[in-house]
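Inspection log for the structure reproduced underneath, given as structure tokens.
All heavy atoms count here, side chains included; hydrogens, waters and symmetry mates do not. Keep in mind that what you see is a predicted model, and the values were worked out from it rather than measured. Just follow the structure's listing: the first ligand is 1, and inside any ligand the first atom is 1.
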Amino acid sequence: MSDDKKSHNEHYETMVVHGDHVLDPATGAVAPPIYPSSTFAFKSADQGAELFKDPTEGFIYTRIGNPTTHILCDKIAMLEGYSHALTFSSGMAAIHAVITAYAGSGDSVIMSDTVYGGTNALCRNTMPRLGIDFRWVDCTEIDDVENAIDDTTKLMFVETPANPTMKVIDIEAMSKICKKHNIKLVVDNTFQTPYLQKPKQFGADIVMHSATKYLSGHGDLVAGLLCFDKEDFEPLFHILVDTGGILSPFNAWILLRGIKTLHVRMDRHCENAQKVAEFLEDHPKVDRVWYPGLKSHPQYELAQKQHTGHSGVIAFEIQGGREAGKKVMDTVHVCTLAVSLGDVDTLIQHPASMTHSSYSDADMAKSGITPGLIRVSVGLEHPDDIIDDLKNALDKI
Ligand code: LCS
């Protein structure tokens with residue numbers, strides 16, 4: 001993205017709609033074109049050879065770069081405030097890429113102790129086989145973070161708010177520690193999106209997204225993104241090209257369409273979730289609610305500083321544990337019993353037996369993922385209908 005394109009005074013909402021791409025220069029098409037081509041013809045043998053020396057100067061082959069995915073890269077980089085972005089076939093592919101770009105055999109990585117179950121499985125089961133030492137730390141405890149770092153530490157990966165417990169981590173505090181020890185700080189910003197939290201403002205080096213969630217917003221694709229500045233382009237680009245976990249041009253296009261309404265959707269997700277969280281907190285059969293917009297949230301003050309809204313995910317614990325939770329999930333009908341989050345549809349699920357079932361019992365207990373914990377991703381239905389649905393289900397236990 002050129003500097004002149006970035007220097008503008010538009011409101012954020014206008015950037016969400018326009019991004020860096022206003023009109024297709026070839027045709028004037030307002031919606032961006034989809035380029036499904038796997039390969040791109042060279043003008044001459046010399047031009048082909050030149051492009052292989054610097055693939056960012058044009059298009060060679062879609063695993064290396066594609067015009068539709070480039071429009072998406074420019075847009076998400078701009079929204080997160082970085083100069084560059086890369087797109088991946090899933091959030092997991094993006095996490096794998098950022099770790100392998102910076103850590104290898106003999107290196108260590110600091111992980112926030114509560115993360116999505118897939119991230120947990122990747123970093124507890126699969127990647128340690130490469131000789132990387134993953135150190136799981138409660139990142140709300142600054143001393144514990146400091147103590148976990150040594151000369152082998154190359155990267156810190158934090159998910160905030162954490163899936164599913166909604167623990168909020170102080171990005172600025174983590175960034176100060178990372179800068180002191182010359183460690184890259186990666187923030188998984190899936191839950192907040194850049195509309196509600198900009199990790200770069202607090203010092204994050206790289207932002208990661210499961211764009212499957214709020215960025216897409218409609219539950220119709222799986223995608224991952226990394227946003228970063230120029231200095232991180234080479235290592236991340238090479239991992240993407242070498243391992244081939246790219247996003248297809250079709251999915252890049254659907255994602256671009258989803259992002260256009262991000263601000264409108266996120267405002268309503270926040271509004272609806274606040275109402276549902278307040279309802280749950282007042283309900284006699286609910287023991288505890290975790291939502292950063294509630295004063296009872298342990299990091300409420302930090303969330304006010306770090307977020308401009310608290311997004312749509314709520315975790316709550318009901319009386320009667322696992323059996324009562326099953327009853328609630330089997331009774332609801334406005335809420336859909338399904339994993340994933342960030343969709344227009346309200347989704348409800350049971351982390352201990354579903355999204356976080358890769359955790360050991362001990363790690364689950366340490367992270368506060370109890371048998372009675374239910375996660376709800378509040379959608380864009382009328383909030384009264386979501387509340388009535390949950391009320392009816394809670395009445396049945
Ligand atoms: N990071 C977070 C915070 C996530 O919630 C997920 C998926 C990922 C990364 C991985 O992204 P994916 O590869 O699925 O695009 N979270 C899911 C969840 O809570 N239910 O189903 C998927």
Side-chain angles (χ1 to χ4, degrees), residues 72 76 86-99 111-127 139 157-169 171 186-194 196-197 199 204 206-227 240 243 245-248 251-252 254-255 258-259 269 290 292 307 310-315 329 335-343 345-359 364 367 369 373-379:
L72 173 61
I76 189 65
L86 288 170
T87 64
F88 294 81
S89 53
S90 68
M92 292 314 305
I95 297 171
H96 170 265
V98 75
I99 292 170
M111 298 291 299
S112 55
D113 63 356
T114 310
V115 291
Y116 165 57
T119 312
N120 176 70
L122 176 72
C123 300
R124 279 195 203 272
N125 307 335
T126 305
M127 295 205 61
C139 292
F157 184 100
V158 300
E159 188 181 294
T160 179
N163 186 353
T165 59
M166 305 308 289
K167 178 159 77 176
V168 178
I169 294 165
I171 300 171
V186 184
V187 174
D188 184 334
N189 201 23
T190 298
F191 272 41
Q192 288 296 105
T193 82
L196 301 177
Q197 171 171 273
I206 299 169
V207 164
M208 176 264 149
H209 281 282
S210 166
T212 316
K213 312 297 178 333
Y214 289 105
L215 286 173
S216 141
H218 297 76
D220 50 12
L221 63 86
V222 174
L225 299 166
L226 293 175
C227 306
L240 175 60
T243 57
I246 55 146
L247 188 65
S248 78
N251 278 348
I254 300 171
L255 187 46
I259 291 173
H269 280 296
W290 281 267
H307 304 166
H310 306 296
S311 203
V313 180
I314 301 168
M329 286 181 287
C335 306
T336 300
L337 177 54
V339 298
S340 202
L341 58 101
D343 291 2
D345 294 78
T346 295
L347 304 175
I348 192 165
Q349 65 103 18
H350 180 241
S353 66
M354 297 173 187
T355 50
H356 291 71
S357 53
S358 71
Y359 275 61
M364 238 186 252
S367 292
I369 305 168
L373 193 77
I374 295 175
R375 188 190 76 185
V376 59
S377 167
V378 178

Validation row: Phe88, Thr243 side chains within 4.5 angstrom (heavy atoms):
no
According to the salt bridge (charged side-chain N to carboxylate O under 4.0 Å, His left out) rule, which pairs have a member within residues 158-167, sequence neighbours left out?
Asp113-Lys167, Asp138-Lys167
According to side-chain contact (heavy atoms from CB on, under 4.5 Å), who are the partners of Met364, at least two apart in sequence or on a separate chain?
Ala352, Tyr359, Ile369
Partner set under side-chain contact (heavy atoms from CB on, under 4.5 Å) for Leu255, not counting sequence neighbours
Leu72, Ala211, Leu215, Ser216, Leu221, Ala223, Leu247, Ile259
In Å, rounded to the nearest 0.5 Å, how long is the span from OG1 of Thr160 to CD of Gln197?
5.5 Å
Could you tell me, for ligand 1, which of its N or O atoms are under 3.5 Å from any protein N or O, listing the pairs and their distances rounded to 0.1 Å?
{"residue": "ligand 1", "atom": "1 (N)", "partner": "Asp188", "partner atom": "OD2", "Å": "2.6"}
{"residue": "ligand 1", "atom": "5 (O)", "partner": "Asn163", "partner atom": "ND2", "Å": "3.0"}
{"residue": "ligand 1", "atom": "11 (O)", "partner": "Ser210", "partner atom": "OG", "Å": "3.0"}
{"residue": "ligand 1", "atom": "13 (O)", "partner": "Gly91", "partner atom": "N", "Å": "3.0"}
{"residue": "ligand 1", "atom": "13 (O)", "partner": "Met92", "partner atom": "N", "Å": "2.9"}
{"residue": "ligand 1", "atom": "15 (O)", "partner": "Gly91", "partner atom": "N", "Å": "3.0"}
{"residue": "ligand 1", "atom": "15 (O)", "partner": "Ser210", "partner atom": "OG", "Å": "2.8"}
{"residue": "ligand 1", "atom": "15 (O)", "partner": "Thr212", "partner atom": "OG1", "Å": "2.6"}
{"residue": "ligand 1", "atom": "16 (N)", "partner": "Lys213", "partner atom": "NZ", "Å": "3.1"}
{"residue": "ligand 1", "atom": "19 (O)", "partner": "Asn163", "partner atom": "ND2", "Å": "3.0"}
{"residue": "ligand 1", "atom": "19 (O)", "partner": "Arg375", "partner atom": "NH1", "Å": "2.7"}
{"residue": "ligand 1", "atom": "19 (O)", "partner": "Arg375", "partner atom": "NH2", "Å": "3.2"}
{"residue": "ligand 1", "atom": "20 (N)", "partner": "Ser340", "partner atom": "N", "Å": "2.9"}
{"residue": "ligand 1", "atom": "21 (O)", "partner": "Ser340", "partner atom": "N", "Å": "3.1"}

Out of curiosity, Met127 CE to Met111 CE, how far, rounded to the nearest 0.5 Å?
9.5 Å
